[in-house]
Amino acid sequence: MSIEQINEKHPHGGDWLREIVFGLNDGLVTTLVFIMAVSQVAPAHLLLVVSGEVLAGAISMTLGGFLSARTARQILDKRIATERYEVENEPEEERAELLAIYHKKGFRDPLLNQVVDHLTSNRERWQQAMIHDELGVVEDTQIRPIQQAVQVGLSFLIGGVIPALPVIFSLPFFQWWAYGLTAITAMVLGAIKARYTGQGVLRAGLEFLIIVTVGTLAGVGVGTLLHIG
């Protein structure tokens, strides 16, 4: 089997997908719901209000993404530091944990002890084994708060602008245009997601489309209630 075939079956580079999809989808749905609701209550100031919502949402998502990623990194750093401390100060307990871990993986004597002896014969290798096998942290696990915050915030901004385009250009029946643009974008997101999750393209696209449709109906319902009130 060629390297190209292996890469095709196991695509890489999907670590960014969660932040991008989360931000885009939130921007799409939030803005679409907002347009559907506010267009029935304050149509004269719709562009100004929608623009404010998109910008405020992007700022909020950026700050929230930063705090979330920073907290996750701090927790991970603390757990790694704890493992390193325990290897240094509680070696017998850590060795017993490593034996239990590899026993669950199917290793048995004498191979079990040989593997654990090899891992614990070097302090750095022992620490890495505990971090990987007990915490489940792989070597390339990286949490970058600023990068992830920018990804989420920018994705929200882009996602929010898409359904707002019909409002910006004062298109007739802008609610339908907003829904249509959002639905198409959602289907594209579904196709991208399918590549990295192994999920069928049609199914992934329909999931996003259902979310968009439910959001649209919710926005119409909220707008109707506000208008009546």
Side-chain angles (χ1 to χ4, degrees), residues 14 16-69 71-72 145 147-197 199-229:
W16 50 269
L17 186 63
R18 182 183 62 169
E19 285 76 22
I20 299 297
V21 170
F22 175 59
L24 277 172
N25 187 65
D26 201 5
L28 284 167
V29 176
T30 301
T31 306
L32 180 63
V33 172
F34 197 80
I35 289 172
M36 295 298 179
V38 176
S39 63
Q40 301 181 59
V41 181
H45 304 286
L46 184 60
L47 178 58
L48 181 62
V49 174
V50 170
S51 298
E53 181 273 331
V54 173
L55 291 174
I59 294 171
S60 175
M61 291 291 287
T62 300
L63 296 176
F66 175 80
L67 290 175
S68 176
T71 300
Q147 178 180 320
Q148 292 179 212
V150 171
Q151 286 177 335
V152 173
L154 186 59
S155 298
F156 182 96
L157 181 62
I158 295 172
V161 167
I162 291 173
L165 287 175
V167 178
I168 295 173
F169 291 103
S170 302
L171 296 179
F173 308 106
F174 62 86
Q175 294 97 333
W176 285 105
W177 279 103
Y179 172 78
L181 289 174
T182 304
I184 293 172
T185 305
M187 295 293 286
V188 172
L189 281 177
I192 295 173
K193 174 187 172 184
R195 171 172 171 77
Y196 292 94
T197 62
Q199 189 179 23
V201 174
L202 180 60
R203 179 178 177 183
L206 287 176
E207 283 185 356
F208 279 89
L209 183 59
I210 289 172
I211 292 174
V212 169
T213 303
V214 171
T216 301
L217 295 175
V220 172
V222 170
T224 301
L225 290 175
L226 292 174
H227 185 69
I228 295 175

Which donor-acceptor pairs under 3.5 Å do the side chains of residues 44-51 make with protein atoms, sequence neighbours left out?
unit_1 : atom_1 : unit_2 : atom_2 : d
Ser51  : OG     : Leu47  : O      : 2.8

Going from CD1 on Ile211 to CG on Leu206, what distance comes out if it is rounded to the nearest 0.5 angstrom?
-> 11.5 Å
N/O donor-acceptor pairs under 3.5 Å from side chains in residues 167-175, not counting sequence neighbours:
unit_1 : atom_1 : unit_2 : atom_2 : d
Gln175 : NE2    : Ser39  : OG     : 3.4

Of all pairs that satisfy salt bridge (charged side-chain N to carboxylate O under 4.0 Å, His left out), the ones with a partner from residues 162-188, not counting sequence neighbours | none
Could you pull out all residues at least two apart from Thr213 that satisfy side-chain hydrogen bond (donor to acceptor under 3.5 Å, both in side chains)?
-> Tyr179
Contacts satisfying salt bridge (charged side-chain N to carboxylate O under 4.0 Å, His left out) that involve residues 166-181 (not counting sequence neighbours) are none
State, to 0.1 Å, how close Gly190 and Ala204 come at their nearest heavy-atom pair, and which atoms those are.
-> O-CB, 3.2 Å
Should we count CZ of Phe66 as having more than 12 external heavy atoms under 6.0 Å?
-> yes
Distance, nearest 0.5 Å, that separates CZ of Phe208 from CD1 of Ile184 = 15.5 Å
From Phe22 CZ over to Gln151 CD, what is the distance, rounded to the nearest 0.5 angstrom?
-> 13.0 Å
Scanning both residues in full, the closest heavy-atom pair of Ala183 with Val212 reads N-CG1, 4.3 Å
What are the two closest heavy atoms between Ile20 and Ser155, and how far apart are they?
-> CD1-OG, 3.3 Å
Does Thr182 use its side chain to pair, donor to acceptor, with the backbone of Ala178 at less than 3.5 Å?
-> yes
Distance-only donor-acceptor hits, side chain of residues 23-37, under 3.5 Å, sequence neighbours excluded:
unit_1 : atom_1 : unit_2 : atom_2 : d
Asp26  : OD1    : Thr30  : OG1    : 2.8
Thr30  : OG1    : Asp26  : O      : 2.7
Thr31  : OG1    : Gly27  : O      : 2.8
Thr31  : OG1    : Glu53  : OE1    : 3.2

